[in-house]
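Following: one structure in C-alpha cells, then a few remarks.
Just so it is clear, the model here is predicted, and its values are computed rather than measured. Below, chain A is the first sequence line, B the second, and so on; all start at residue 1.
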Amino acid sequence: MAKPHSVDLSGLFTEATRVRDNSPLKSLTKYMEADSQLVSLGAGLPHPSTFPFAQIGARVAPAGASVANTAPADMLNVYVTTLPGAVEGLGKFLQYGNGRGVPSYAAFTHEHTQRVHDPKYSDWDTVVSLGNTDAFVKALMLFCSSGDTLLVDEWTYPAIIGTVVPMNVQLAPIRMDGEGMVPEALDDVCTSWTGERKLRMVYTIPTAQNPTGATMSIERKRAIYAVAQKHNLVIIEDDPYYYLQFEPYVAPSGTERYTNLPGIKNLVPSLLSLDTDGRVIRLDSFSKVLAPGLRCGWVTAPKYITDKIQFHNETSIQQPAGVSQAIVASLMNDQWGHAGWERHLVQIQREYAMRRDVFVDLCLKHLNGLVEFTVPDAGMFLWFRVLLRPELQSQTGVMQRVFDSMVANHVLLVPGYMFSPKGAEQKVRDEPYIRAAFSFAATTDFEVAITRLAQALAPFC
Amino acid sequence: MSLNTSTALASKLPQAKDLSHLLVPTFRIHQKSPFKAVMGTPTHDMINMAGGVPHPSTFPLEQVQATVRAPSHAALGRAGTLSLERTQASGSTESLNELLQYNDGRGMASYCRFLRKFTEQTHAPPYADWDVVASCGNTDSIAKAVSLFCQQGDHIIVEQYSFPGALSNLVFAKVKPVPVAMDSEGVDPVALDSLCSSWTGATPLRAIYMIPTGQNPTGATMSLARRKALYAVAQKHDLVIIEDDPYYFLQLGPMPDTQETAATDMSKLPLVPSLLSLDTDGRVIRLDSFSKILAPNLRCGWITAPAYIQDRMQILNESTILQPSGLTQGVISRLLNDTWGIEGWNEHLNSLRAAYSARRNLFVTLAHKHLAGLATFTVPTAGMFLWMRVDLGDAAADATAMPRLLDAMKKGGVMMAPDMPFRVTNAAAAAAPERFLRAAFALAETDMFEPALERLARAIASIRGSELQDTQSGTCAEPIDTMAPAPIAVNSST
C-alpha cells in the first residue's frame, strides 16, 4: 500500500524560512558535476593537496563489546585515507560540502531511521545536525520567530530556555504526570489560547524526559499526536535517550535482572513512527549512544522541511565536523554495519539499566520518608520530590537551603527551578524538586552519594 | 603558562574599554548560565549526580590517530602519526575520554592554549583582557557576533561587495546591511566616516562587518596605513569591528617581473598587521578559521575578543552547538601543540603562502595575456580571488548582457562566480552597475588556467559582439547577442 504524502505545513513557516534557499554559490557546484569538461573557478575551495592529513582513523571495540572488556588484539581498526573505499576519501570528508553532510554518513543515518521507525509517509527525509541542541534551534526557527509562543513540558531542558529568550519567543508550559506531557492539558491550553499569534509548535522529550525521567507509553504518544493534529501543531520530538529503554524495575531478589531488555525490536515506538501527517520533526543524536564530543546527529522530517534545515546549516555550521563523520561513517560501513550498531545500542541499554537498578535499589534503601519519585523506565534521570516538613512547605527560600546543604555534604544534584521556564519566579524556586543523574558517577560511589543526600535532606523532612 | 610572552609588558596594557552599551539589551546584563554555574560547583570530594552526561566507559573508541605529512619540504622529522589515547593525556592534549565528553562552550583547553600563544605571537593584541573561544567556522561566528550587537530592525555597515554567507545571515536576522564604498584596497575610511557622520537611520550604527585581507569577493587587502585610518574612524564613531579574516595567513609575495624570480621564502615577507593588532580599545571581534589553512570541513576556528564579550559567546555556543567537535579540537591540538609545534605551524603557513603565490602568479600572467581589452583587475596580494571588471563594450547598458555572458561561459566550458550574490544593493549601484566576475584560483588544476581564460575571453568577446577566432581549431564562439553589431563572418567548419 502506497504511503501518503505529508500534509503541507509550509503555510506555518516563518518569513525567514520562506526565504531560505540554496546558497547561490553552492548551487553552482551542480553545473560542475554535470559537465566534466567545464573548468570551474567559481567556488572558493582550497585544493585538497593543502590538507596535511594522509589518513585519519580509530581503534574501536567490536560491536556490542565495551573497550574495557576487549583485549587489544580484538580491537577493530577503522580509517579513512585520501583514496575512497567503502566510504569517501579524505578529500571529501575534509572539504567544503553542503548542509547535507558527507553522503556515507548521511546515508547511514537515513537507513537506520528506516529500520527503526519506518516512517508512514512517503516524502520523509533526514538531514545532518551537530546534535540536538543545534537541531532544536533549527527546528524552532522554521516555525517560530519573535513574538511566537512554543508549547513545552512544564519542566524542560535548560538550553531551550536559554535559546528562546534572545529570540523573544515565549514558552507555554504544559502540565506533566508520571508519563510526561498530559494530552488534556495540551488540548486545554490550545483551545483556550487567546494570544495574538497562533500556536504552531510543541516541543517534548518523550523518552526519559529531561529532567523528570518520564517516558510516554504508546497510548500517551497517540493521544498527544491526536491533540497536535486537532490544533495543527508541529511536534519537535527531541529523543536523545530513545535507545536507553529498560525493562520495568524489580527489586533485587536473587533472580537475574537484565534478561528482558527491549533491545531494538521492543522499544516504545516513536512519535515519528506514528506520524501519518508529516508533522513530527524528530531529533536524533549520537551524544548518548556514541559520544557527545563527536557533535553529530540528524533530523528526520518531510523533505520540504529538511531542505530548509539544509539551507540553514549552510548559513551557519555547514555540517558536522568531517573527522567525526569520517570515524562514524567508516565504523558503520567498514566494521559494525547496521546489525553491529544495533548490538552496540543494546549494550548501552544494558549499561544504563544496570545503573538505574543499582541507583533505585539504594534510593529505596536510604531515602524513605525523605523523597518520593517515579521509577524511570528509561534514560539517566531521576526526579525527586523532596518531602518537606509541613511548616517548611509554605516558606520561601527553603530549596536554596536544601541545595546549600547538599553542597555542604559534598553531593551535587540540580535544583528543579533550573528546568522551569518560570525559573526566575520565587514560587518556582520553592518547588521541592531536584534532579539526579545516574549516568556519570561510578556505581561504586552511588551509596556514598545517596547517604550524603539523605544527610543533606534529613533536617528539612 | 602565562597568556602573554612578556608579563611585564602585559601588565602595562590597558583593559578593554567597556562597550557593553553597544550590546543588544538581552546581552547587556552580564550573565553566566545558571545551570553551568551549578555544574561549576563540584569540589574535589563532590560526587556529581548533577551532570546528565554519559560515562566515558560507554564510548567505544580506544584510540584516534592521524597520519600527517611534514609542514613543508624543509621540515624533516615532523611528519608521522599523531594519536589520542583513551585515558591518558598525549603531550599537551587531553585524553580521548575528555575530548569525547561534553565540555563548556569555550573550547578544549589545549586547543585554546595553542591559539592564545599563536594570537599573541601574530597580533600581540594591545590590551590586556583578550581571550579566545573555539568556533565551528567563520559563517557561524559571523552570525553570533552580529547577534550580540544587532537585533531585528538594526543596521550594520558592510563592504559594498561581501561574503554571501554573511549577507544571508543578515537577511534572516532582519538586520539591514548598509554598504560602504570600497576601492582597490578595500573599505574607504573617508567614505566610512562620511556615512557615519551623515547617518539618519532609525537605529544607530554600532558595528561594521568586514574582510580586510584577500577580501571575498574583491580580493582586496588593506594596507597598514588604511587599517590605521579605518580604526580611527571606528573609534570616532564608536563602532565594533567584526574582522572576518580567513585569508589572513594567505598573504602572497610580490608578482615576479621579468628581472626577478618570485620570492618563495615567505618567512622573509612580513604579514600586514591585523586590525586586532591595532586594537587598543578592545573593539575588534576577530574571526579566524582553519578552513583555508588546514581544511574546511574540520569545522574549527576561533574568535578573539575581550573577555566580557567571550562570556556572551560562551552562552551563545551553549544554547546552540554546545562546542565545536571536541575530537577535532583534540586532533588539531595534537598536531599543532605536539607534532608540528608553533615553528612547524608557521612553516606550514609559509608553504601555503608560496603555493598560493605560485598560483596567483600564473593565473594573473595568463589573465593579462588573454583578457586585454576584455576585463580589468587589481592584482590580489592575499587569498584566492581575482575580481575582474568585465568590459562589455556596447552591451554594457543591456541588462541581459550579464546573464548572457554567464550562459556563454557555461556553454564554452568555464565557470566563475558572477557579482550578484556578493553585491549589497543600493540605488546607486543598481543605476549604473559595473559587472564583475570572481575567479578563484585555488582549486582548479593549474594546467586548466589557460584554457579557462581563453574560454572566458571568447565568451566576453561574443557578448561584446566581436568574436575571437580560435585559429587552431577553426571554431569560434557563436554570436548570441542579436542586439550587437553584425558579427564578422567566420569559418565555422574545422
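- Counting heavy atoms from C-beta outward, A:H344 and B:P60 have side chains that approach closer than 4.5 Å.
- Both the backbone and the side chain of A:V448 come within less than 4.5 Å of a heavy atom of chain B.
- With hydrogens and angles ignored, the 3.5 Å screen pairs no side-chain donor or acceptor of A:S439 with any backbone N or O of B:G52.
- With A:R295 contributing its side chain and B:G326 its backbone, the two residues share no donor-acceptor pair below 3.5 Å.
- When heavy atoms are compared at a cutoff of 4.5 Å, B:A439 approaches chain A by way of both its backbone and its side chain.
- Within the structure, salt bridge (Lys or Arg N to Asp or Glu O under 4.0 Å) pairs that include any residue of residues 47-70 of chain A comprise A:R59-B:E62 (at least two apart or interchain).
- Using a 4.5 Å cut-off on side-chain heavy atoms (C-beta onward), A:V19 and B:F172 make contact.
- For B:M384, the part lying near chain A is the side chain, with the backbone staying farther off; criterion is any non-hydrogen pair under 4.5 Å.
- Of the two parts of A:F136, neither the backbone nor the side chain holds a non-hydrogen atom closer than 4.5 Å to a non-hydrogen atom of chain B.
- Of the two parts of B:I142, neither the backbone nor the side chain holds a non-hydrogen atom closer than 4.5 Å to a non-hydrogen atom of chain A.
- In this structure, the side chains of A:F53 and B:V331 come closer than 4.5 Å at one or more pairs of heavy atoms.
- Contact annotation for B:E445: only side-chain heavy atoms (C-beta onward) come within less than 4.5 Å of a heavy atom of chain A.
- By the salt bridge (Lys or Arg N to Asp or Glu O under 4.0 Å) test, A:E351 pairs with A:R355, sequence neighbours left out.
- Summarising the local packing, OH of A:Y79 is surrounded by 12 or fewer heavy atoms from other residues, nucleotides or ligands at distances under 6.0 Å.
- Checking B:N297 against A:Q319 by side-chain atom types alone, a donor-acceptor pair falls below 3.5 Å.
- In this structure, chain A has a heavy atom under 4.5 Å from the backbone of B:P324, while its side chain stays farther away.
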**OP:** Please test A:L412 against B:M49 for side chain to side chain contact (heavy atoms under 4.5 Å, CB included), starting from the C-alpha separation and ending with a verdict.
**Re:** CA-CA 5 Å; A:L412 193 65; B:M49 309 296 295; over 6 Å; no
